[in-house]
Amino acid sequence: MDLYRLTIHEARALLEKGEISSVELTRAVLDRISAVDERVQAYLTVVADRALAQAKAADAQWVEYRRAGKGGVTPPLLGIPMAIKDEICTLGVRSTAGSKILNNFVPPYNATVMEKLNAAGAILLGKTNQDEFAMGSSTENSRYFTTRNPWDLTRVPGGSSGGSAAAVAADEALFALGTDTGGSVRQPAGLTNTVGVRPSYGRVSRYGVIAFASSLDQVGPITKDVRDAALVLRTIAGHDPREATSVAQPVPDYVAALVGAGLVPARLVPAQGDHGTQGDHKIQGDHKGSPLRGVRVGVPREYFIEGMQKGVEDAVRAAVRVLESLGATTIEVNLPHTDYALPTYYLLAPAEASANLARYDGVKYGYRAPEHANAEMWTVMKETRGEGFGAEVKRRIMLGTYALSAGYYDAYYLKAQKVRTLIKQDFDKAFETVDVIVGPTSPSVAFKIGEKVDDPLQMYLADVFTLAQSLAGIPAVSIPCGFADGLPVGLQVMARAFDETRMLQVAYAYEQATEWHARRPVL
Ligand code: GLN
């Protein structure tokens, strides 16, 4: 058995019974990294020795729990190896945010999400590649190297959490964390056939997450299936007194809401011989119950636009039919301000970034331009920022500074804030009549490395379907829903703020009825 292929819940079942050890599991995944990461390039840093030491400690804990007959109450991720985006601070392990300006930054503290994962027993394998400061949709903006899509090594894995998504898709980690400001978890998940959750704004602490655009940033899991996503989200969610925008709402048991809710739908499978193309779904076995009976699913007209890839549209429309076959009622909804999400996001996110990135000055920590290390202060700052930041980051700092400057503030920043409210109101209105909204995650499948890198606007368009949810603060998940031209397509399921439970239930029902998520790239 290839242990690295396991989901979290499969691995946990084996660990619980003592059929495998965490050291075996961790070693298997580390071997997998050695075997494929030279080609995939998902990791910026691998901490093999640290991981094995952690696994050994986890095994000791397992032994103890088993001796005490307390298997069921072990920490939920005890002995499970994971990958963490380099945007997230890890105590003692270098965290660069994909930037040269943090190339020597070893955080003296853990992000709250890391504290929670540690307490849950998870094992850190390493840190994953990303677009610099999470600005991008392909990982090509990393200052180190470009991660490759495990489904086709000449294509991007999406971004900015491309390293995390590629690591999970290539079985180089059982799960990963990414960050999503305007799609950076969902879009790479969609492009790599993995599950990626963007939680409601405020659901997960941003403490210790290197800031890009603070009113939009959220941490989310990237996993091999929906059940694992529910488990990781449950682990990292919750109020954090150290983070002012984290919300004091109780965290529901997302896992119990799936497996305990009698959500055991009939199985549908893709038609025979249908490998790599979108086909009809056939129902396998008896159609027992309708798990989505009574669930109202909104389908927004604005999410099926001209210019989107035909195979993507076909896959998403087929997925909507699957939801109907599971008992859901589909209703066409309108989100009339959808077109404004992109310009709104690209004013607000750079404005916030320009403020957040002011801290990198070569004085307190991080990179300092070596030839100017002892120059006068302004020179140190200017040269450090000039060398330390890449082109896209500089572009955003300039855009954001301009949008915030006296004389332009009202015309750009303030106007964008008002449009943000209109976008949120679109969703509020739609959710008066539906429980979830579904649409594509991305307008196309994974594009070729180099294809959009010189055309920032084209790159921005890769996130055209994932920006509005971020602006509205609502949760959304991308799940595998088929293939176009042999490459994965993501279905996006959105819900009301703090209704991750409903969102995950619909995603899970769909996943249980289909086989797309079980497909893996051949490496
Ligand atoms: N592609 C978008 C951007 O470049 C979103 C990135 C993200 O979510 N971090 O800003």
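Residue numbers count from 1 along this sequence. If you're wondering where the values come from, they're calculated on a predicted model, not measured in any experiment. Note that ligands are numbered from 1 as they come in the structure, with each ligand's atoms numbered from 1 the same way.
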Do the ring planes of Y409 and Y413 sit parallel (below 30°), tilted (30 to 60°) or perpendicular (above 60°)?
-> tilted
Residue F212 vicinity, atoms of ligand 1 by number, heavy atom under 4.0 Å | 9 (N), 10 (O)
Nearest neighbour in protein (non-hydrogen) for atom 6 (C) of ligand 1 = S184 OG, 2.9 Å
Could K100 and F389 be counted as a cation-pi pair, given that NZ or CZ must be under 6.0 Å from the ring centre and within 45° of the axis?
-> no
Examine T179 against ligand 1 and note whether any of their N/O atoms are separated by less than 3.5 Å.
-> no
Measuring from the heavy atoms of A349, does anything fall under 4.0 Å of ligand 1?
-> no
Below 4.0 angstrom from a heavy atom of A134, which ligand 1 atoms are there? Numbered from 1 as shown, please.
-> 6 (C), 7 (C), 9 (N)
Going by atom types alone, do S470 and R198 pair a side-chain donor with an acceptor below 3.5 Å?
-> yes
List every atom of ligand 1 that sits less than 4.0 Å from any heavy atom of G182, numbering the atoms from 1 in the order shown and giving each element.
-> 5 (C), 7 (C), 8 (O)
Only residue of T441, D463, D180 satisfying side chain to side chain donor-acceptor pair (under 3.5 Å) with R186 is D180
Matching residue for K224 among N193, T194, D171 - test: side chain to side chain donor-acceptor pair (under 3.5 Å) | D171
Tell me which part of R198 gets within contact of ligand 1: side chain, backbone, both or neither, using heavy atoms under 4.0 Å.
-> neither
Would you call the rings of Y346 and Y460 parallel, tilted or perpendicular if under 30° counts as parallel and over 60° as perpendicular?
-> parallel
Heavy-atom contacts with M135 under 4.0 Å: which atoms of ligand 1 show up? List them by number with element.
-> 4 (O)
Considering heavy atoms of the protein only, find what lies nearest to atom 10 (O) of ligand 1 and give residue, atom and distance to 0.1 Å.
-> Y345 OH, 2.6 Å
Counting from 1, what ligand 1 atoms have a heavy atom of S160 closer than 4.0 Å?
-> 9 (N)
Centre of F105's six-membered ring, under 6.0 Å away, within 45 degrees of the axis: is that where NZ or CZ of R359 sits?
-> no
Is ligand 1 less than 4.0 angstrom away from at least one heavy atom of Y460?
-> no
Just jot down the ligand 1 atoms closer than 4.0 angstrom to any heavy atom of S137, in number order.
-> 1 (N)
Just heavy atoms, cut-off under 4.0 Å: does Y346 contact ligand 1 by side chain, backbone, both, or neither?
-> side chain
Of all the atoms in ligand 1, which lie at a distance below 4.0 Å from a heavy atom belonging to D463?
-> 1 (N), 2 (C), 5 (C)
What atoms of ligand 1 come within less than 4.0 Å of a heavy atom belonging to G136?
-> 1 (N), 3 (C), 4 (O), 6 (C)
Ligand 1 contacted by Q187 (non-hydrogen, < 4.0 Å) = no
So, do Y207 and Y109 have ring centers that fall under 6.0 Å from each other?
-> yes
Supply the atom-to-atom distance L177 CG to L117 CG, rounded to the nearest 0.5 angstrom.
-> 5.5 Å
What distance separates R317 CZ from L491 CG, expressed to the nearest 0.5 Å?
-> 12.0 Å
